[in-house]
Amino acid sequence: MKKYDPIKIEEKWQKIWEENQEFKAKKSKKSDKPVQKMFLAEMFPYPSGAGLHVGHVRNFSIVDALTRFYTQQRLDVLRPFGYDTFGLPAENYAIKTGISPEVATKQNIDNFRKQAKRLGFAIDWSREINTSDPKYYKWTQWCFLKLFEKGLAYQKESYQWWCPVDQTVLANEQVENGHCWRCGTEVEKKKMKQWFFKITAYADELLSEIDSLDWPEKIKTAQKNWIGRSEGAEISFEIENDKNQFIKVFTTRPDTLFGATFLVLAPEHPMISKIMSEDCKEKVLDYCKTAIKKSEIERQENKEKTGVFTGAYAINPATGKKIPIWVSDYVLMGYGEGAIMAVPAHDERDFEFANKFDLPVIEVIEKPDDVTEKCYHGEGKLINSDRFNGVESTDAREGIVSWLEEMGIGKMKVTYKMRDWLISRQRYWGCPIPIAYDKDGNPHAIPEYQLPVIHPEVEDYKPDSTGRSALAKAKDWLKVTIDGEEMTRETDTLDGYACSSWYLWRYVSPDCETAAWDPEEIKYWAPTDIYCGGDHAVAHLLYIRFWCKFFADEGYLPFREPIKRLLYNGYINAPDGKKMSKSKGNVIDPLDVIDSGYGADTLRTYELFIGPYNEDAAWSTKAIGGVYRFLNRCFNLVFNPEKEADEKTNLVIRNKTAKKVTEDMHRAGFNTAVAALMEFVNELYKNGANREDLVILSKLLKPFAPHLASEMLEELKADDEWPTWDESALVADVVEVVVQVNGKLRAKLSVSIDDLADTDKLTSLALAEENVKKYLVNGEPKKVIIPPKAKLINVVI
RNA sequence: GCCCGAGUGGCGGAAUUGGUAUACGCGUUCGACUUAAAAUCGAAUGGUGAAAACCAUAUGGGUUCAAGUCCCAUCUCGGGCACCA
């Protein structure tokens with residue numbers, strides 16, 4: 001009796017794979033027909049000091065199962081691996097311990113690599129990349145310069161999110177509920193000069209191409225909402241007593257213009273200081289100062305409207321009447337024009353504001369009878385709107401805008417919620433921005449031949465007191481000569497998301513020294529066919545699309561969407577259903593699971609069997625034993641055979657399983673694929689097995705438990721090429737047909753496959769059943785329904 | 001508040017196109033092996049009921065010969081966005 005020893009088997013095969021460089025991507029050249037390529041990747045990990053966790057294992061196991069599936073189908077497969085290494089944890093660790101981030105990162109990578117190898121992943125290890133390696137970030141800097149050349153990387157002074165603990169600016173996407181995504185501190189607003197990428201230039205295309213992607217619906221809607229396109233109009237309001245001053249507003253409801261009874265400006269609006277009257281000046285300035293200082297969380301918590309009158313009036317161009325101009329923090333400077341026309345009768349926020357400050361409310365849309373709310377924001381016929389009375393609001397939008405257009409004070413406009421991507425960080429451990437400033441403070445690109453701008457070594461990694469990164473402490477490094485002119489380097493570094501916005505393309509030629517990616521290799525391998533991850537729904541997955549479109553425009557990429565199919569996997573939670581965390585002490589360490597004797601195959605198979613890949617799952621210490629038992633049974637069938645079956649015994653189940661597993665792999669139904677293999681094994685235990693049964697079992701098992709399957713295939717002296725199936729063998733000679741009476745199950749018939757199409761025969765067989773007969777009142781049914789292919793008879797009485 | 005998901009045994013889940021609800025696994029119970037235990041193998045396992053049968057896919061309605069699946073309303077949970085004019 002041989003015993004299944006996963007640790008021994010896994011060591012053996014991992015060594016063989018390493019020596020043979022088994023997973024090195026190959027470009028086959030078959031003259032007769034082109035070989036399909038398949039580029040798969042997981043979202044590369046941030047290598048933390050804690051090592052791999054079970055979430056990584058799930059993510060990598062999904063990609064691995066598919067990698068092996070396509071490899072077994074003899075496609076040209078590229079499955080690389082890399083590390084996203086710039087970031088705050090390494091820098092904070094350096095500040096605390098004095099150990100340089102390079103050193104700590106290298107250790108963590110070595111550990112991650114070692115652990116990943118113990119899981120037996122089919123990775124092309126010759127293509128490993130690391131974003132903090134100068135050979136890599138040289139090209140991140142090159143990407144920045146391309147964007148800079150085209151004006152898509154620019155500097156702007158503006159109010160920005162600032163984390164007082166991490167001492168850095170944060171992007172909108174890095175602020176969660178008013179708190180820093182890294183340390184959880186409440187963020188502040190700070191006025192600073194910052195670098196931005198002009199992602200808004202691609203807003204339209206980023207939105208319109210979402211629907212063509214084979215991505216989960218929830219990611220697509222999240223991106224659509226984030227981009228937040230709305231169509232409306234820009235309208236200029238003349239200031240009373242000053243015909244040359246206008247305030248522009250954005251509105252999606254120009255049809256309600258006659259009901260605009262006041263204007264509201266954001267506290268940051270530049271016109272405020274120009275228009276406010278002397279007697280209101282003090283109150284207005286005071287309000288603006290407090291509002292700007294208020295954190296977003298304070299603005300949200302206190303939803304009651306606040307505001308102050310400027311003392312100035314504007315003219316409603318539709319009515320010619322003068323309307324007061326107010327300031328309130330419910331109007332945001334970053335959206336539209338930072339100013340609105342308030343229509344309190346048809347907008348709840350304006351209504352609240354008007355109520356509080358006792359401002360006039362004029363209804364201009366007819367309310368349906370069944371609407372009782374005071375503030376109606378639906379559609380209807382216009383009223384109180386002079387020549388537009390009676391016009392449907394949906395038509396009036398266009399009518400009023402063209403009328404304004406004739407007067408030269410309005411036009412159609414599309415606005416987006418999405419803002420430009422803030423990319424500068426006042427941190428040491430990031431990719432240095434390849435910019436230097438001349439004596440007058442003008443930014444200049446570091447010329448390409450001077451790249452990479454290498455990280456200087458520093459003694460102390462803390463940002464300085466002015467908020468500049470530790471790079472400012474490297475005095476010699478700061479000085480640079482460009483075209484004979486002495487300049488000072490930028491001390492900000494790039495947001496880590498910049499590094500991950502092009503890494504998929506680096507994978508095709510990771511050692512290329514003449515370009516970020518080799519055009520020939522890109523043409524062959526990219527775009528990525530399958531990409532798998534469980535995070536970054538809007539940030540990373542939007543940025544990489546943006547860069548793809550940009551580099552396509554510049555002629556560097558022959559495609560406009562970087563990821564064809566996205567698999568978005570769920571989290572693995574602790575057995576109690578809660579998030580795993582060190583502080584709760586409920587963390588399951590995958591290496592412990594392997595070492596406890598289960599082995600990597602059991603761990604991987606279990607994580608794919610635990611539930612649908614795209615849903616969260618709770619770890620079960622007991623259930624993993626079931627998977628281990630299953631693999632033991634697979635092992636026993638090959639190494640401790642008991643019964644030999646003849647050629648026909650398992651013909652149906654064998655073909656059925658091959659079909660089922662193949663189809664499940666295509667639709668990423670890993671849990672049901674494993675279940676089908678379990679059924680197959682149960683059947684083989686009952687019936688006995690022949691070599692053909694076992695070869696097919698081993699081949700189908702390989703994507704999940706590659707070590708054991710390899711061991712089985714070796715014993716069976718078979719290769720691992722993915723099996724096909726014989727469709728004609730799927731059907732048994734005799735099938736079960738169900739008989740229902742009024743949709744309720746009453747009897748089961750055994751019917752020869754040849755009789756299945758004979759409805760007369762089926763009907764008489766069904767009606768002859770005792771348990772059917774007794775329901776028939778006159779011995780005759782009303783109707784008998786035999787749906788094609790359903791193996792079901794419904795007798796209607 | 002708005003926009004997406006989801007709700008099925010004691011538990012994780014299956015049912016892919018409207019056609020046998022509960023596959024597969026865990027747990028539980030019984031049996032075999034064993035001095036015994038573990039491991040392993042086999043059997044049973046939605047609920048009520050002696051049985052016939054009835055009731056069960058969050059709740060209430062509807063469409064259909066037939067509904068977990070489609071339609072309408074409601075509730076609950078998860079996620080995203082959140083004063084975006």
Side-chain angles (χ1 to χ4, degrees), chain A residues 1 177 216-226 228-230 232 249-253 256 264 266 296 299-300 303-305 328-332 334-343 346-350 352-353 377 415-419 537-538 570 577 606 609-612 614-627 629-630 632-633 636 642 660 663-664 666-667 669 671-682 685-686 736-748 771 774 781-797:
Chain A
M1 184 84 183
N177 273 326
E217 220 38 57
K218 73 171 182 185
I219 306 299
K220 295 208 257 183
T221 34
Q223 293 209 351
K224 281 184 201 171
N225 291 342
W226 187 263
R229 179 191 150 101
S230 43
V249 306
F250 174 73
T251 177
T252 52
R253 296 293 302 267
T256 61
V264 189
E296 201 70 3
R299 284 202 195 183
Q300 273 167 21
K303 284 233 167 152
E304 203 185 328
K305 299 280 178 288
S328 174
D329 65 2
Y330 84 91
V331 176
L332 309 172
Y335 183 75
E337 301 294 331
I340 61 153
M341 64 176 214
V343 185
H346 306 290
D347 181 286
E348 276 176 53
R349 295 150 303 183
D350 300 344
E352 244 182 83
F353 195 82
H377 50 257
T415 300
Y416 300 90
K417 282 189 206 172
M418 183 170 65
R419 318 285 155 88
V538 281
Y606 170 65
F609 179 63
I610 195 167
N614 54 340
E615 278 170 33
D616 289 355
W619 185 270
S620 161
T621 314
K622 286 243 173 88
I624 190 172
V627 172
R629 267 192 286 280
F630 159 66
N632 260 290
R633 284 155 77 88
N636 287 336
E642 282 189 1
K660 168 83 177 148
E663 287 175 355
D664 280 352
H666 280 297
R667 62 171 192 93
N671 55 330
T672 48
V674 174
L677 289 171
M678 286 172 168
E679 275 182 82
F680 188 26
V681 165
N682 291 346
Y685 249 64
K686 230 181 281 170
E736 189 180 71
V737 173
V738 209
V739 185
Q740 299 178 332
V741 176
N742 280 354
K744 284 213 160 118
L745 178 66
R746 295 302 175 190
K748 287 179 180 179
N771 206 30
K774 71 183 199 194
K782 251 195 223 159
K783 224 198 297 189
V784 176
I785 288 169
I786 304 178
K789 286 207 282 185
K791 288 183 214 159
L792 174 141
I793 303 167
N794 192 10
V795 179
V796 186
I797 53 162

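Labels below follow one simple rule: chain letters A, B, ... track the order of the sequence lines, proteins then strands, and each chain is numbered from 1.
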Can you tell me the base-pairing partner of [N]? Count Watson-Crick or G-U wobble geometry only, both distances below 3.5 Å, and say none if there is no partner.
N      : result
B:rG42 : B:rC30
B:rC65 : B:rG19
B:rC11 : B:rG25
B:rA36 : none
B:rU48 : B:rA53
B:rC77 : B:rG5

Establish, with yes or no, whether the OP1 or OP2 oxygen of [N] is under 4.0 angstrom from a side-chain nitrogen or oxygen of [X].
X        : N      : result
A:Arg633 : B:rG42 : yes
A:Asn671 : B:rA23 : no
A:Ser620 : B:rC11 : no
A:Tyr335 : B:rA85 : yes
A:Lys744 : B:rC55 : yes
A:Arg253 : B:rA85 : no
A:Asn636 : B:rU40 : no

For this session: Output the single nucleotide from B:rU20, B:rG80, B:rG42 whose closest atom is nearest the side chain of A:Ala222.
Result: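 In terms of side-chain proximity for A:Ala222, the closest of B:rU20, B:rG80, B:rG42 is B:rG80.
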
Exercise. Below 3.5 Å, does any donor atom in the side chain of A:Asn794 face an acceptor in the base of B:rC65, or the other way round?
Worked result: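 When only heavy-atom distances are counted, A:Asn794 does reach the base of B:rC65 through a donor-acceptor pair under 3.5 Å.
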
Roughly how many Å is it from [atom1] in [X] to [atom2] in [N], rounded to a whole number?
X        : N      : atom1 : atom2 : result
A:Asn614 : B:rC4  : CG    : P     : 18 Å
A:Arg746 : B:rA52 : CZ    : C1'   : 11 Å
A:His377 : B:rC2  : NE2   : P     : 8 Å

For this session: For A:Asn632, answer base if it contacts any base atom (sugar-phosphate contacts may also be present), sugar-phosphate if it contacts only those atoms, and nothing otherwise; contact means non-hydrogen atoms under 4.0 Å.
Result: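 Nothing, no nucleic acid heavy atom in range.
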
